[in-house]
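What you are looking at is a predicted structure, and each value in this text was computed from that prediction instead of being measured.
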Amino acid sequence: MDYNFVEVEKKWQQWWKDTKIYQSQIKNDKPKFYVLDMFPYPSGAGLHVGHPLGYIASDIYARYKRQKGFNVLHPMGYDAFGLPAEQYAIQTGQHPAVTTARNVKRYREQLDKIGFAFDWDKEVRTCDPAYYKWTQWTFIQLFNHYYDTKEDKALPISNLIRHFEENGSADVHASQSDELHFTASEWKNKSEEEQQIILLNYRLAYIADTWVNWCPKLGTVLANDEVVNGLSVRGGFPVERKLMKQWILRVSAYAERLLRGLEALAWSDSLKEIQRNWIGRSEGAFIRFKINGFEETLDIFTTRPDTIFGVSFMVLCPEHPLIGKISTKEQEKAVNEYVTWARNRSETERQSEVRKVSGVFTGAYAVNPFNGEQIPIWVSEYVLAGYGTGGIMAVPAHDSRDYAFAKHFNLPIRQVIDGGDISEAAFESKDGTCINSEFISGMKVKEAGKLIIEKVKDMGIGYGTVNYRLRDAIFSRQRYWGEPFPVYYKNGLPYMIPESELPVLLPEIDQYKPTETGEPPLARAANWTYNGYPMEASTMPGFAGSSGYYLRYMDPHNDKEYFSKEANQYWQNVDLYVGGAEHATGHLIYSRFWNKFLFDIGLACKEEPFEKLINQGMIQGRSNFVYRVVGTNKFVSFGLKDNYEVMPIHVDVNLVKNDILDTDAFKNWQPDFANAEFILEDDKYVCGWEVEKMSKSKYNVQNPDDLVEKYGADTLRMYEMFLGPIELAKPWDTNGIEGVFRFIRKFWRLFHDNDNNFNVSDDEPTKDEYKILHRTIKKVEDDNERFSFNTAVSGFMICVNELNDAKCNKRQILEPLTVLLSAYAPHIAEELWHLLGHDSSVVDAQFPQFDESFLKESSYLYPISFNGKTRFQREFSLEMSVKDIETAILADEDTLKWMDGKPAKKVIIVPKKIVNIVI
RNA sequence: GCGGAUGUGGCGUAAUUGGUAGCCGCGCUAGACUUAGGAUCUAGUGGUGUAAGCCGUGGGGGUUCGAGUCCCCCCAUCCGCACCA
């Protein structure tokens, strides 16, 4: 007798599927709009409860844009390679492909139930060979390119080879691992192997010995963003530092462009700021210090060249290659002991002992290039291998870390910037004036720095430069369930498999764990060779497949190329990207890098992949508690708990409604509680609640399926939007879903009589009814445009309440309203749309045209102020000009009498309908 | 420590962007209809007062005729980075 959402939703979901209504194709006569969600990793637990929030928002926007006349691309797929499937495979022996396919199926069912307008014909899965062929292909291109710092783009490595043949390393402008020097003839005389080793110094994908985050428990290396507080993000296992040969992407070459590119993007300030910090640009100087008695120089990067006269020691990182060479006999033992100790310390240890001073003197001395002073060279953990040159000039007076070190080892602290007190702490301000600094004394910090840079340049020992925190990305994972590298080894050097032979398929193996000798699982594969040469046994990391997936959606079935030029020219890049902010320093950096590279080599037509980004807030859990009186099986209601000594216990949120416990269900929940007694307030047991992380052990997990079953997809969709602003973190709170459920049924009843027969009137609506409609059109349109979906839902509710009060069932009101609502509640809208007599889907209806004339207010209240106080308001017609209002106020005897008989001297018109009189 | 955000009824939130603070929903109160209500409908609901009124947007100051909104200083919470030279 009421709205039957189960039947209606099932019916239209099937119809949408059968008619392929959401299929998109290139239409050159129509503007495009690309709406993308971050595709999920299909985990065994099913669709995470946080996922729908973003998906619903993007779905609403995609539908809205379609009704606004755009040709919308709104695809979905799966980030299907990953650790959990592999861990599961190691335990059970089940092939990850099997479990992944099963999970994908489950995800699809869940997604379909919510009624998304995805174009499933464009689905991609990163583990599909037809897809990862192009991941491998891109890797080969990265290998075959270097970054030219003069052209500021990636260029073919063959250009560089030509340059070496003609000029050697002279005048090379390329991002590089080390600075190399050789002549053209030296290059030509090198063997093939030697040349290949040199080229690895420049390639955008290269292999090198590098200190990595090694996670023994997972048996693989991890990227910096996959490690938090010295523990792996997945699993939370300890991470160590280890020197390993790894594939690396030269992401750092793009640091400046990744930074600059942020400016034009419509991303949140906080997310841009996170990326800026992660890229970490700092300007300073590269300076080369002579070392007493050695050919080698100690190279440093500093942001404070102005403090060069305050240098009282130098510090090398424990991994620094110079240490072994320059340490004196007397110090050798101590140095070795320290270096061994420091290198073997795990990340966790280092993190937990932040700012504990340690170090050792090498016995060697560097020379200050400006005054010839002898400067002792130390080794300490606080200098990082991965940043700058791995060595620093220490100015304890003006750097807090150097200060702590100098205090600890009793090294001189010399003030060279005026203004601070250095007896207790370093003076780090950059506003002062130089003192005790010979020719730069008296200069401001900024000018002094510039002058020093000029000087070192003239002396040939340095230059001004920019340094970035952003590191190159380690691209090898010692795992099975990832993309195999299209790489084989000849004489220990890597070579690419020809593009025509891609994809390199992931081989079958008997077990998924590493070999006894610690080699990656792929080493188990029989014949893992190419023409007799061994293949690379590592696989690519998770971010490989997700870095360029958005491009593949444009042309997912193309087996000749990554995507066709035509498709890319049409769809360009993503207009709206919706996903979690947790990818700020991972996927969203790698993806931009990947895309910029593809742009450089002429594949992608846009330099940035995601124009507008919305981070849906994290969904937290809302836990409920019952309060057990200590030592009894009595449970006391929330409001009375302070009268007892109680212990809070998590209670399953499914046994609780609006914080009222279903006591019978509670008794049946766990055997312990079968005899539970309750101390009630107002005959109810009220539970306490808290916002926590969503987890099984806290019994606060909410499954979207359950809610769809109970209230229907439309209610779920609208309620999730109604919860609050999309970007705000919020607890998943099902209290209040009834309100939306009520709204849906109310909306249905507008179209139906008391016997639930469809009944709309063809009478001409009244002016007031039109006003209700057009106000809603305006509101929903504005709210959609600014992604304020929660207020749009409020708008719908107000509208339906008003129509209900007016008993309005006019077709000319309800029909456009159905179109408006269809983005939010597509199922009920589709049903009503067809009941209204349409054959086509409501998704293809035109978004109703807003007509301002229905909304024109006749008057507005203007505040009027006298003697500095707003005294009263008067109503004036909106049509009146400012001049008319002025005249009217001044001519109004009553108005004037109100101010103690004194006349108004002046009327001030403040912008926007505000009129003030000041006397 | 540095950087970014946020702070409004019992709760989630809204405020035409400087113009009547609290829209919409939950919850709550009262009533109607009902065998029943965890259905539906009606009315009320920031605090305080019988009332007119007064007080109210984390706290304190400021700009303005007018501040939730702008500026300064605190406080609290959340997020990101954390020896980055």
Side-chain angles (χ1 to χ4, degrees), chain A residues 2 228-229 268-278 280-282 284 300-304 307 315 317 350-351 353-357 380-384 386-395 398-402 404-405 467-471 581-582 584-585 617-618 620 622 657-660 662 682 689 691 718-719 722-725 727-731 733-740 742-743 745-746 749 778-779 782 788 790-799 801 804 860-871 873 908 910-919:
Chain A
D2 216 354
V228 170
N229 293 328
S268 73
D269 289 338
S270 69
L271 201 111
K272 284 192 196 179
E273 203 54 36
I274 291 171
Q275 288 215 341
R276 276 189 205 111
N277 291 341
W278 190 260
R281 182 184 204 275
S282 45
I300 60 104
F301 170 76
T302 179
T303 53
R304 297 295 301 275
T307 60
V315 189
C317 66
R350 285 193 170 203
Q351 302 264 356
E353 289 175 31
V354 168
R355 290 195 176 90
K356 215 175 210 185
V357 179
S380 174
E381 241 190 349
Y382 86 87
V383 175
L384 305 177
Y387 183 76
T389 60
I392 63 157
M393 63 174 217
V395 186
H398 305 291
D399 181 286
S400 60
R401 296 149 304 174
D402 299 345
F405 195 82
N467 220 322
Y468 300 92
R469 267 189 44 188
L470 184 70
R471 315 280 161 92
E582 66 272 18
T585 55
M618 290 265 257
Q620 299 142 303
R622 187 183 191 274
K657 196 178 169 192
N658 285 330
D659 293 334
I660 308 294
D662 180 338
D682 303 330
W689 61 274
V691 172
M718 289 194 87
Y719 183 61
F722 186 62
L723 270 175
E727 305 215 14
L728 218 77
K730 51 197 161 266
D733 182 358
T734 34
N735 290 350
I737 196 168
E738 303 274 352
V740 176
R742 226 166 268 154
F743 159 82
R745 282 176 295 173
K746 232 183 212 174
R749 256 180 272 126
K778 173 99 174 99
K779 176 152 184 61
D782 288 353
S788 179
N790 55 327
T791 53
V793 174
S794 297
F796 283 122
M797 288 178 170
I798 295 166
C799 174
N801 284 346
N804 204 36
Y860 183 82
L861 285 176
Y862 293 87
I864 300 173
S865 321
F866 300 100
N867 291 339
K869 246 195 152 179
T870 301
R871 294 291 172 83
Q873 299 179 325
I908 297 178
V910 182
K912 282 196 186 163
K913 310 194 264 186
I914 310 306
V915 178
N916 283 320
I917 293 188
V918 179
I919 55 163

Tabulate atom names and distances for all N/O pairs under 3.5 angstrom spanning the protein and nucleotides 38-40 of chain B.
residue	atom	partner	partner atom	Å
B:U40	OP1	A:Arg742	NE	3.4
B:U40	OP1	A:Arg745	NH2	3.4

Problem set entry | Whichever of A:Thr791 and A:Arg304 has its nearest RNA chain B nucleotide further upstream toward 5' | A:Thr791

Exercise. Start at the 5' end of RNA chain B and walk down; is the nucleotide closest to A:Asp399 or to A:Val740 reached first?
Worked result: A:Val740

Please classify the nucleic acid contact of [X] as base, sugar-phosphate, or nothing, using heavy-atom distances under 4.0 Å.
X: A:Asp782; answer: nothing
X: A:Ile737; answer: nothing
X: A:Lys746; answer: sugar-phosphate
X: A:Ser282; answer: sugar-phosphate
X: A:Asn467; answer: nothing

Candidates [options] - which lies nearest the side chain of [X]:
X: A:Arg469; options: B:A85, B:G4, B:A82; value: B:A82
X: A:Glu273; options: B:G3, B:G80, B:A14; value: B:G3
X: A:Ser270; options: B:G4, B:A85, B:A14; value: B:G4
X: A:Thr303; options: B:G12, B:A14, B:A85; value: B:A85
X: A:Asn790; options: B:G12, B:C24, B:A14; value: B:A14
X: A:Asn277; options: B:A14, B:C24, B:G3; value: B:G3
X: A:Trp278; options: B:G25, B:A85, B:C81; value: B:C81

Problem set entry | Runs of at least three consecutive pairs that involve RNA chain B, where pairs are Watson-Crick or G-U with distances under 3.5 Å | B:1-7 with B:75-81, B:10-12 with B:24-26, B:27-32 with B:40-45, B:46-48 with B:53-55, B:58-62 with B:70-74

Exercise. Is the side chain of A:Asp402 donor-acceptor paired with the backbone N or O of A:Val395 at a distance under 3.5 Å, no angle test?
Worked result: yes

Problem set entry | B:A85 phosphate, OP1 or OP2, under 4.0 Å from A:Tyr387 side-chain N/O |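 It does, given that an N or O in the side chain of A:Tyr387 lies less than 4.0 Å from OP1 or OP2 of B:A85.
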
Exercise. OP1 or OP2 of B:G25 sitting under 4.0 Å from any side-chain N/O of A:Asn801?
Worked result: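 Affirmative; the distance criterion is met.
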
For this session: Evaluate whether atom NZ of A:Lys272 has more than 12 neighbouring non-hydrogen atoms of other residues, nucleotides or ligands under 6.0 angstrom away.
Result: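 Counting neighbours around NZ of A:Lys272, more than 12 heavy atoms of other residues, nucleotides or ligands fall under 6.0 Å, so yes.
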
Exercise. Rounded to whole angstrom units, what separation is found between the CD atom of A:Gln275 and the C1' atom of B:G3?
Worked result: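 In whole Å, B:G3 C1' lies 15 Å from A:Gln275 CD.
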
Seminar exercise, completed: Its glycosidic angle compared against 90° from 0, B:G9 adopts the form syn

Problem set entry | B:U17, syn or anti by chi within 90 degrees of zero | syn

Every protein N/O lying under 3.5 Å from an N/O of nucleotides 7-11 of chain B:
none

